[in-house]
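To start, the structure under review is shown below, and the notes come after it.
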Amino acid sequence: MFEMTQVTKAYRTDLLETHALREFSLKVDKGEFVAVTGPSGSGKTTFLNVAGLLETFDSGSYRLDDVDVSKLDDDARSKVRNHKIGFIFQSFNLIPQLTVLENIALPLFYLGWSTEKSAAHAAELAETVGLSQRLRHRPTELSGGQQQRVAIARALANDPKIILADEPTGNLDTSTGDQIMALLCDLNRQGKTIIMVTHEPSIALHAKRRIHMLDGHIERIEDDA
Ligand code: ADP
């Protein structure tokens, strides 16, 4: 389903070479909920960017849903991203000019869905995250927790194979963060595969497997199973 093998990535400037990922290997099965955690600078964001096909890597291999994505050109990578991956970000990344419904429907626009069909599907998704009463609101008219719910609904729109979440509760107070984690746990129980990056141990505990990174590789793994 998701398999990185000995992935290496370095950032280079004239003076400096930083090894952000060092022979990083991780296999995630369908339906798993995995947290990737570790101190600042350990490579969590780099991992997520590589996993989300937002950045390339230097060596190793990465297979997503049985496709060797390391061999794809830019267009093919965007296609895989649009079809197979849902993103949730710390800062929600909603488009302020668009309504809740339009934000949720945006990935469907890129998949070529008709306006009518995508609006209907977006309304269903808004209901699953408890936002049916807010379809015509704009992001600035919503609380942080509500904005993250919109982002989660948007991440679900393309029915992704995998959801990648980057510090999804990082901008929320504890109780709102707990509600967002409950929603992610619900989605996982319904079968969604989730990989979440967080530096907060209490948030990582929601995942059934926790990957601790240090200096670009896996330092240790905790598994509840
Ligand atoms: P984390 O998300 O765990 O804080 P990052 O993946 O952001 O870690 O960073 C891993 C290492 O790579 C750090 O040493 C960081 O300084 C370096 N790094 C990250 N992005 C860049 C970049 N665009 N250019 C140069 N170095 C980078």
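Starting from 1, each residue takes its place in the sequence as its number. Just so you know, ligand 1 is whichever comes first in the structure, and atom 1 is the first atom listed for that ligand.
If you check the side chains of His212 and Glu222, you find a donor sitting under 3.5 Å from an acceptor.
For ligand 1, the 4.0 Å heavy-atom shell takes in Tyr11, Thr18, Ala20, Pro39, Ser40, Gly41, Ser42, Gly43, Lys44, Thr45, Thr46, ordered by chain and residue number.
Note: Phe57 and Tyr62 have tilted aromatic rings, judged against thresholds of 30 and 60 degrees for the angle between ring planes.
Cluster annotation: Phe92 is connected to Ile194 through the hydrophobic network of ILVMFWY side chains, with a link wherever side-chain heavy atoms come within less than 4.5 Å.
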Tabulate below the donor-acceptor pairs under 3.5 Å that side-chain atoms of residues 131-140 make, not counting sequence neighbours, or state none.
unit_1, atom_1, unit_2, atom_2, d
Arg138, NH1, Gln97, O, 2.4

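In terms of the side chain to side chain contact (heavy atoms under 4.5 Å, CB included) criterion, residue partners of Lys79 (sequence neighbours excluded) are, by chain and number, His83.
The salt bridge (Lys or Arg N to Asp or Glu O under 4.0 Å) contacts involving residues 35-55 comprise Lys9-Glu55, where partners must be two or more places apart or lie in separate chains.
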